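Reviewing the structure listed below.
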Amino acid sequence: MYLLDGAAGAGKMNSLMSRFNSLLAFTVTVLAALTFLVFLSTIFQQPRVPVSIRVSGISLKIYEDYTGNHDLGSINFSIFVDLGPVFNWNVKQLFLYLTAEYATAKNKLNQVVLWDKILQRGVNTRLNLQNMSPKYLLLDDGNGLIGNNVSLSLSWNIVPNAGILYLIPASGHKVIPLPEKYENIRSC
Ligand SMILES: *[C@@H]1O[C@H](CO)[C@@H](O)[C@H](O)[C@H]1NC(C)=O
Ligand SMILES: *[C@@H]1O[C@H](CO)[C@@H](O)[C@H](O)[C@H]1NC(C)=O
């Protein structure tokens with residue numbers, strides 16, 4: 001007899017469904033646990049890698065608009081870093097950025113991103129960037145750049161396969177004195 005009567009058929013269906021549901025629940029639990037283990041295995045091993053930053057040119061100008069005079073700096077730079085140690089198996093990509101930090105009378109900490117780059121897993125992790133022009137200019141809200149010291153540092157956000165987004169500052173930053181005069185171009 002191949003035909004089941006209605007009640008028996010529904011019963012069979014129900015038990016199939018409940019078996020499928022518990023299998024699904026089990027699979028989801030296992031996946032969640034594995035994901036959590038991946039996350040745990042990587043959270044404690046975020047290496048700080050050394051970075052070498054050089055400055056190949058600085059210009060400082062006055063930028064004028066209706067709000068007044070602003071210092072406008074442009075910094076050419078070179079970066080050498082090997083990010084190989086950062087790419088463990090839970091790292092999908094890195095979002096790298098170079099920041100300039102300086103203090104003024106108005107603000108204890110001014111932070112400006114000069115350049116950024118996305119580094120995908122599987123590409124060459126050894127960066128040797130020579131004489132780069134900044135993507136973004138250094139614009140102060142006043143005259144806070146002239147004669148000031150600016151600290152350049154490289155940081156990265158880790159975009160992981162599982163877990164949270166990390167913000168890692170690299171070890172090694174570079175402090176540079178900005179020109180004492182406007183329209184001055186030099187190396188240091
Ligand atoms: C930065 O590099 C660009 C391209 O090489 C060059 O045109 C510019 O003059 C440089 N700027 C400074 C401040 O050295
Ligand atoms: C910049 O740094 C130099 C060397 O550390 C220091 O002598 C000077 O006072 C600093 N200038 C400013 C404006 O902070």
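Order of listing sets the numbers, starting from 1, for every ligand and every atom in it. From a predicted model like this one, the values you see are computed outputs, not experimental measurements.
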**Request:** Look up atom 11 (N) of ligand 2 and tell me if a protein heavy atom lies less than 4.0 Å from it?
**Result:** yes
**Message:** Contact between V159 and L94 at the side-chain level, heavy atoms closer than 4.5 Å - yes or no?
**Reply:** no
**Request:** Scan the protein's non-hydrogen atoms and note whether one is under 4.0 Å from atom 2 (O) of ligand 2.
**Result:** yes
**Request:** Mark up the atoms of ligand 2 that fall under 4.0 Å of a heavy atom belonging to G147, in ascending order.
**Result:** 13 (C)
**Request:** Examine distances only and state if a side-chain atom of D140 and a backbone atom of D71 form a donor-acceptor pair shorter than 3.5 Å.
**Result:** no
**Message:** Does any N or O of ligand 1 fall below 3.5 Å from an N or O anywhere on N76, backbone included?
**Reply:** yes
**Request:** On the 0 to 90° scale, with breaks at 30° and 60°, tag the W115-F77 ring pair as parallel, tilted or perpendicular.
**Result:** perpendicular
**Item:** I58 and ligand 1 - part of the residue with a heavy-atom distance under 4.0 Å
**Value:** backbone
**Item:** Donor-acceptor pair between S78 and N131 side chains, under 3.5 angstrom
**Value:** no
**Request:** Answer yes or no: is there a donor N or O on one side and an acceptor on the other, between the side chain of R54 and the main chain of I79, under 3.5 Å?
**Result:** no
**Message:** Is atom 8 (C) of ligand 2 touching the protein, meaning some protein heavy atom lies under 4.0 Å away?
**Reply:** yes
**Complete:** Contact region, S133 to ligand 1, non-hydrogen atoms below 4.0 Å, reads side chain
